[in-house]
Asker: 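Got a structure here, written out as structure tokens. Questions coming.
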Amino acid sequence: MTELSTRYNPQETEEKWYGHWMDKRYFHSEPDDREPYSIVIPPPNVTGVLHMGHMLNNTIQDILVRKARLEGKNACWVPGTDHASIATEAKVVKQLREKGIKKSDLSREEFLAHAFEWKDKYGGIILDQLKKLGASCDWERTRFTMEPKLSDAVIKVFVDLYNKGKVYRGLRMTNWDPEALTVLSNEEVLYKEENSRLYYLRYAIEGETDSWITIATVRPETILGDAAIAVNPDDERFAHLVGKRAIVPLINRPVPIIADRYVDTEFGTGALKITPAHDMNDYEIGERHGLEVIDVLNDDGTMSEAAQLFVGEDRFTARKLIVKALEAAGHLAKTEDYRNKVGRSERTNAIVEPRLTLQWFVKMKAFGQQALRAVKSGEVKFFPEHFYNMYHSWLNEDNIRDWCISRQLWWGQRIPAWYYEDQIFVAETAEAALEKAREATGKNLSLTDLKQDEDVLDTWFSSQLWPISVFDGFENPEALRYYYPTNVLVTGWDIIFFWVARMVIMGYEYAPELLGEAKAAEGVQPFREVYFTGMVRDKERRKMSKSLGNSPDALALIDRYGADGVRFGMLSSASAGNDIIFDAPFDKETKEVLNESKLCEQGRNFCNKMWNALRLIKGWELADDEPDAVSQLAAQWMEHKLLQTTEKLEQLFAQYRLSEALMTTYKLIWDDFCSWYLEMVKPDYGAPVSAQTVEATVRIFEQLMTLLHPFMPFVTEEIWHQLRSRAEGEDCVVSRYPVSAPYNAAMIGQVEQAKTIVASVREARNAKGIKMKDELNLFAQNDESSQDLLSLNGLKAMIVKMANLAKLEVTGEDVPNSVSFLSGQSKFFLELNQEVDTAEECERLTKELAYQEGFVAQVMKKLGNERFVNNAPEQVVARERQKLADGEAKIKNLKEELAAMGCA
RNA sequence: GGGCAUUUAGCUCAGUUGGUUUAGAGCGCUGCCUUGACAGGGCAGAGGUCACAGGUUCGAAUCCUGUAAUGCCCA
């Protein structure tokens, strides 16, 4: 008897095996003679906790890495985290505030000490969670974008790009976050429709009495920074005013009325106030017309001295106040409710203010072309391909914009630029900058004369170097030469531009010199392939996110279903690039998402199924006998089926059809192995099993475990060890993946046909209410095809066993009191142990005949068409002819049967 | 406004460059089945005019055009 529990318990095994793998350092990679297979993880934020998107993304990477490892490649999956400057700084500032410490009271060094302390405490949480999922990362290689070596690389690259003229400092309209007190990149601003009000304000015309021009604005407080009123040159309503001046209400500043094609005559009144300091478009118009730039806002979003009025008031308070003042002074013509798109900071949710600031930029035009070439040439391949379209729309010359890389934060790599009066000195160290400054000025300056830029670099500026920097490529490219280019990048399409494109650019910029000529000839792209995963969404197709509260708790799911179950659930609904609707239900009353999932449950049940197959085998008593014919056939068939499936899996993996590959493996194990193979070899209750059959079964089972291992690593490792006693180091995780080889397709086909015969018998039993344990007689019509089929050794016995027959014989005569069915071209008669209901049987046969006739008619129509026969490929025509022959034989059989039954 | 994608069974999705017996899977549903590896199970079944309208073709779920709905990206 077996001592194994009837249910598989993931909690017990998962921790045990992960620990074992770690002890054995199976995930660790060092360069050697083997072919490398490398992946760098998309580094999660240090502020993050594991969510469904991470689970999907990392499960996929783990599958690819584990498969490569099983294939004997030197697999290396580099993990790590990203410092996420804005998000982390916001968290640290908040935490300090809770302790009563203000950031402004701290020095930069003190603040960074707090931030690193925070990172050490929380930054590794997500990596620990990935271990629970089974991620086979090389943890000894764990990197962090702000650790010293990676920071050195960032500084080096910044200086180099500056020296090449690809990084510059300039005055630009930028998105200003008045809460975080930093500039944001366009991508960090989220636009959403919000309710607001449109105010119609009238400005007096200078030197005229009771002559007005009315404009419409949603931001009346900004009129204090107005530099002009613009109208469309074609707008006759205002033609007489162009060239005159309007008086800005309350502050009585005269501004010119100008004509510009940008103005939409349909919007508002057709007259537009121009505020170059606070609107992107206005700024451009201002440039064209040489207008003054009046900045009426302070850093923190309060009104500045330049506004003259409401100085020090927050812009929203000022809005209320100015509306009252305007109304009192008779300048408010009317107000309207209005919906417009408002930009908010992704991190702080503050309303973003367009603002003119001095920032650092990367010139993107040429880089963009390089990034496009890399994909167009096929050096970087996208899965699915159509993401090239989105990639192109970001990078093409018309759309691409220079990248603002400075952030007014402390958490990040500080920009290596030093200022002396109006001059800028960019160098890797202060000393080097000083050297340059001395040379340029001819003065004997000291370090205290120079002032370093206060800002840090955008986090993407460091993560763009990730595929190179995690191998310390800038410092010593030896490891890089082995692992680079990485094989594949697995990431979400939402960062195709922010991250994917920039890594490609950096790869082409730096890999050639780092790799050296010989190695670079093999490719300088950071990754050969990119697999884009979809977003994980809920039933209402909303992206799962912490803020919406619609994401199940990843770890709770693992607790409930086991990591294998969750991996199965995630993957079974994930095809490349398509968003996946995760099936977690919501509580009807509380509307909260439940940590449940039908798909994960299916994965858990699958583990249990395999576990019980194991219990079956372990319960067998061995016998010295030769295997019986059925067992021999079963083993042969299963081995060939396995080869056939291996071949199919290779194709699926090559196309990243991982979800299909999983389902294919699932069916091979559940349907073919459990439902058919094991039932075929299973002995009578309590009877022993030929040792050879047991050995064949164990051999097949362990190969199945290796095939499934990349998808469900824990249960497969456990069963692998339960199947045999294993030597030290003989583990499923490092076993050999089955290699495809020629297989006997004809034999597989014959067994498949036998399965349909068994199914037909079962169907007849079901229809007639005949119990499975009642043995029946089955007769095959004596013809070439049935003889051919039944001649396969063991096949007849297999049908007898699986359909629980008393006997299966070939006959030349009609069998009385039987129901018939067709399999292929052969007719079978199942003798009943009860009176046949002739009328019922006639109806069934008539229905079947009608179907076959309809089918044949369609095939004949095709074959009767000369153009089909002449134009279609020979193979296709031959297949149609075969269909016709089969169909006609079936019709003949059915007609004979109907006649024999005496049906009308 | 420009673009990308999606629309196939009650639900979630496959369908590999147009042809593999008049469309497949999983879940759910229906019926039957418990001394036997597994009820987290077994056997079988029902369920789809492939969003709609045109077109190309010997042949269309698959290609083209248009329409509609949904999601996303950009402005």
Side-chain angles (χ1 to χ4, degrees), chain A residues 2 4 6-8 186 191 341 384 386-394 399 493-494 496-497 534-535 537 539-543 561 565 568-569 572-575 577-583 597-599 601-620 651-652 654-655 657 659-660 663-664 666-667 670-671 674-675 678-679 682-686 758-767 769-773 824 851-852 854-859 861-873 875-877 879-880 882-887 890:
Chain A
T2 161
L4 299 175
T6 61
R7 292 199 176 171
Y8 171 67
N186 288 322
Y191 291 90
K341 293 233 169 150
H386 69 75
F387 279 109
Y388 179 76
N389 294 331
M390 192 190 288
Y391 186 77
H392 180 264
S393 82
W394 276 101
N399 287 353
W493 51 259
D494 51 337
I496 194 168
F497 173 70
M535 303 291 109
R537 297 178 185 281
K539 277 194 149 49
E540 287 158 42
R541 299 189 178 269
R542 296 175 303 180
K543 191 167 162 179
Y561 302 108
F568 181 98
S572 55
S573 54
S575 50
N578 282 340
D579 286 358
I580 80 172
I581 312 290
F582 194 75
D583 67 336
S597 156
K598 279 283 173 197
L599 290 170
E601 188 179 310
Q602 194 187 344
R604 183 199 62 182
N605 293 352
F606 183 33
C607 292
N608 201 48
K609 183 72 184 178
M610 293 185 284
W611 180 251
N612 278 290
L614 169 74
R615 288 179 63 226
L616 172 70
I617 295 165
K618 292 198 75 160
W620 283 341
Q651 294 164 6
L652 293 173
Q655 297 163 86
R657 294 169 175 274
S659 143
E660 216 176 315
M663 279 320 286
T664 301
Y666 173 85
K667 285 185 207 161
W670 196 309
D671 298 344
C674 294
S675 296
L678 288 178
E679 293 299 332
K682 198 163 151 182
D684 288 339
Y685 183 60
V758 172
S760 295
V761 173
R762 289 168 176 169
E763 190 185 340
R765 281 177 186 276
N766 246 312
I770 302 169
K771 294 217 179 328
M772 189 58 192
K773 57 187 172 195
Y851 174 86
Q852 290 299 341
F855 175 68
V856 163
Q858 217 185 35
V859 177
K861 198 175 137 198
K862 255 192 193 178
L863 285 169
N865 186 330
E866 248 178 70
R867 293 210 279 176
F868 169 70
V869 179
N870 295 336
N871 294 337
Q875 273 187 333
V876 173
V877 179
R879 208 178 290 138
E880 291 302 315
Q882 184 61 46
K883 282 190 207 172
L884 183 65
D886 286 354
K890 283 181 182 176

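In this text the structure is predicted, and so the values were computed from the model without any measurement.
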Asker: Output yes when a side-chain donor or acceptor of A:Q655 lies under 3.5 Å from a complementary backbone atom of A:Q651, and no otherwise.
Answerer: yes
Asker: Of the listed nucleotides (B:C43, B:G19, B:A37), which one gets closest to any side-chain atom of A:V876?
Answerer: B:G19
Asker: May I ask you to evaluate whether A:R615 reaches the phosphate of B:A37, defined as a side-chain N or O under 4.0 Å from OP1 or OP2?
Answerer: no
Asker: Reading RNA chain B 5' to 3', what string of ( ), [ ], | and . shows its pairs, if Watson-Crick and G-U wobble pairs count only when both distances fall under 3.5 Å?
Answerer: (((((((..((((.....[....)))).(((((.......))))).....(((((..]....)))))))))))).
Asker: Using the C1' atom on both, measure B:A25 against B:C74 and round to a whole Å.
Answerer: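 Pairwise C1' distance, B:A25 against B:C74, rounds to 37 Å.
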Asker: From CG of A:D886 over to P of B:U20, roughly how many Å is that when rounded to an integer?
Answerer: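 Value for this atom pair: 15 Å.
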Asker: Does B:G40 have its OP1 or OP2 closer than 4.0 Å to a side-chain nitrogen or oxygen of A:R7?
Answerer: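 Indeed, a polar side-chain atom of A:R7 lies that close.
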Asker: Between B:C29 and B:G47, how far is it from one C1' atom to the other, in whole Å?
Answerer: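 Looking at atom C1' only, B:C29 and B:G47 are 9 Å apart.
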Asker: So what does A:N389 touch, heavy atoms closer than 4.0 Å: a base, only the sugar-phosphate, or nothing?
Answerer: sugar-phosphate
Asker: To the nearest Å, give me how far apart CD (A:Q602) and P (B:C38) are.
Answerer: 21 Å
Asker: Phosphate oxygens OP1/OP2 of B:G40: is one of them under 4.0 Å from a side-chain N or O of A:R604?
Answerer: no
Asker: Heavy atoms only, 4.0 Å cut-off, all strands: where does A:W670 land among base, sugar-phosphate and nothing?
Answerer: sugar-phosphate
Asker: Under 4.0 Å, heavy atoms only, any strand: does A:K682 hit a base, just the sugar-phosphate, or nothing?
Answerer: base
Asker: Using modelled atom types and a 3.5 Å cut-off, is there a donor and acceptor pairing between side-chain atoms of A:S597 and backbone atoms of A:G569?
Answerer: no
Asker: P atom, B:G3 versus B:U57: distance in rounded Å?
Answerer: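 Roughly 28 Å separates the two P atoms.
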Asker: In whole angstrom, give the distance that lies between atom CD of A:E880 and atom C1' of B:U22.
Answerer: 11 Å
Asker: I want to verify a distance call: between B:C4, B:A44, B:A37, whose nearest atom is closest to the A:H386 side chain?
Answerer: B:C4
Asker: Do A:L863 and A:V877 come within less than 4.5 Å of each other through their side chains, counting heavy atoms only?
Answerer: yes
Asker: Just how far, in rounded Å, is P of B:A14 from CG of A:L652?
Answerer: 14 Å
Asker: Take A:R762 and A:K667, find for each the nucleotide of RNA chain B with the closest heavy atom, and name the residue whose nucleotide sits nearer the 5' end.
Answerer: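 First, find each residue's nearest nucleotide; the 5'-ward one identifies A:K667.
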Asker: Are A:F606 and A:W670 close enough that some pair of their side-chain heavy atoms sits under 4.5 Å apart?
Answerer: yes
Asker: Considering only atom C1', compute the distance from B:G24 to B:U70 and round it to an integer number of Å.
Answerer: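 Here B:G24 and B:U70 have their C1' atoms 25 Å from each other.
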Asker: Would you mind reading off the distance between A:M390 atom CE and B:G2 atom P, rounded to a whole angstrom?
Answerer: 18 Å
Asker: Let me spell it out: for each of A:G887 and A:Y8, pick the nucleotide of RNA chain B with the closest heavy atom. Which residue's pick is nearer the 5' end?
Answerer: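 By nearest-heavy-atom nucleotide position, the 5'-most residue is A:G887.
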Asker: Using the C1' atom in both, what is the distance from B:G45 to B:G71, to the nearest Å?
Answerer: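 Each nucleotide's C1' atom is 36 Å from the other's.
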Asker: Among B:C33, B:U20, B:C73, which nucleotide has an atom closest to any side-chain atom of A:R879?
Answerer: B:U20
Asker: May I ask you to say what A:Q858 touches in the nucleic acid, namely base, sugar-phosphate or nothing, with a heavy-atom cut-off under 4.0 Å?
Answerer: base
Asker: Would you measure the distance from the C1' atom in B:A23 across to the matching atom in B:G31 and give it in whole Å?
Answerer: 25 Å
Asker: Quick check: does any side chain N or O of A:R765 sit under 3.5 Å from a backbone N or O of A:K771, one acting as donor and the other as acceptor?
Answerer: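 Indeed, once roles are kept as given, a pair shorter than 3.5 Å links the two residues.
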Asker: Any idea which of B:C74, B:G45, B:A14 is nearest the A:E660 side chain?
Answerer: B:A14
Asker: Would you say B:G41 has OP1 or OP2 under 4.0 Å from some side-chain N or O of A:N608?
Answerer: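 For B:G41, neither OP1 nor OP2 has a side-chain N or O of A:N608 closer than 4.0 Å.
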Asker: Taking the P atom in each of B:A61 and B:G55, what is the distance between them to the nearest angstrom?
Answerer: 15 Å
Asker: So, do A:T6 and A:N608 sit near enough that their side-chain heavy atoms are less than 4.5 Å apart?
Answerer: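 Side chain of A:T6 against side chain of A:N608, heavy atoms only: no contact under 4.5 Å found.
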Asker: Among the nucleotides B:C72, B:A14, B:G19, which one has an atom lying closest to any side-chain atom of A:R657?
Answerer: B:A14
Asker: Determine the contact category for A:E679: base if any of its heavy atoms lies under 4.0 Å from a base atom, sugar-phosphate if only primed atoms, P, OP1 or OP2 are that close, otherwise nothing.
Answerer: base
Asker: Within the structure shown, what part of the strands sits under 4.0 Å from A:C674 by heavy-atom distance: base, sugar-phosphate, or nothing?
Answerer: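 It contacts base atoms.
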Asker: Within this structure, what is the CZ-to-P distance between A:R765 and B:G42, rounded to whole angstrom?
Answerer: 19 Å
Asker: Do A:N605 and A:E601 have side chains that get closer than 4.5 Å, going by heavy atoms?
Answerer: yes
Asker: Could you measure the distance from the CG atom of A:L616 to the CH2 atom of A:W611? Nearest 0.5 Å is fine.
Answerer: 13.5 Å
Asker: With a cut-off of less than 4.0 Å, is there a side-chain N or O of A:Y851 near OP1 or OP2 of B:U22?
Answerer: yes
Asker: Taking side chain as C-beta onward, heavy atoms only, is A:F855 less than 4.5 Å from A:K890?
Answerer: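 Side-chain contact under 4.5 Å: no.
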Asker: Roughly, in whole Å, what's the span from CH2 in A:W611 to P in B:A39?
Answerer: 15 Å
Asker: Using OP1 and OP2 only, check whether a side-chain N or O of A:T6 sits under 4.0 Å from B:G41.
Answerer: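 A:T6 to B:G41 OP1/OP2: no side-chain N or O under 4.0 Å.
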Asker: Is the closest side-chain heavy-atom distance between A:N612 and A:Y8 below 4.5 Å?
Answerer: no
Asker: Mind checking if A:A759 touches a base, just sugar-phosphate, or nothing, with heavy atoms under 4.0 Å?
Answerer: sugar-phosphate
Asker: Run A:F568 and A:Y666 through ring-ring contact (aromatic ring centres under 6.0 Å, His included) and show every step you take.
Answerer: CA-CA 10 Å; A:F568 181 98; A:Y666 173 85; 5.3 Å; yes
Asker: Expressed as a whole number of Å, how far does the P atom of B:C50 sit from that of B:C63?
Answerer: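 Between the two P atoms, the distance is 15 Å.
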Asker: Could you check whether A:R537 gets within reach of a base, just the sugar-phosphate, or nothing at all, counting any heavy atom under 4.0 Å?
Answerer: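 Sugar-phosphate: the residue A:R537, judged by heavy atoms under 4.0 Å, touches backbone atoms but no base.
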Asker: Between A:K609 and B:G42, is there a side-chain N or O to OP1/OP2 distance below 4.0 Å?
Answerer: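 Yes, within the criterion.
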Asker: NZ of A:K773 versus C1' of B:G42: gap in Å, rounded?
Answerer: 15 Å
Asker: Could you work out which one of B:C73, B:C58, B:A44 sits closest to the side chain of A:E763?
Answerer: B:A44
Asker: Would you mind telling me which of B:G36, B:U16, B:C43 lies closest to the side-chain atoms of A:Y685?
Answerer: B:G36
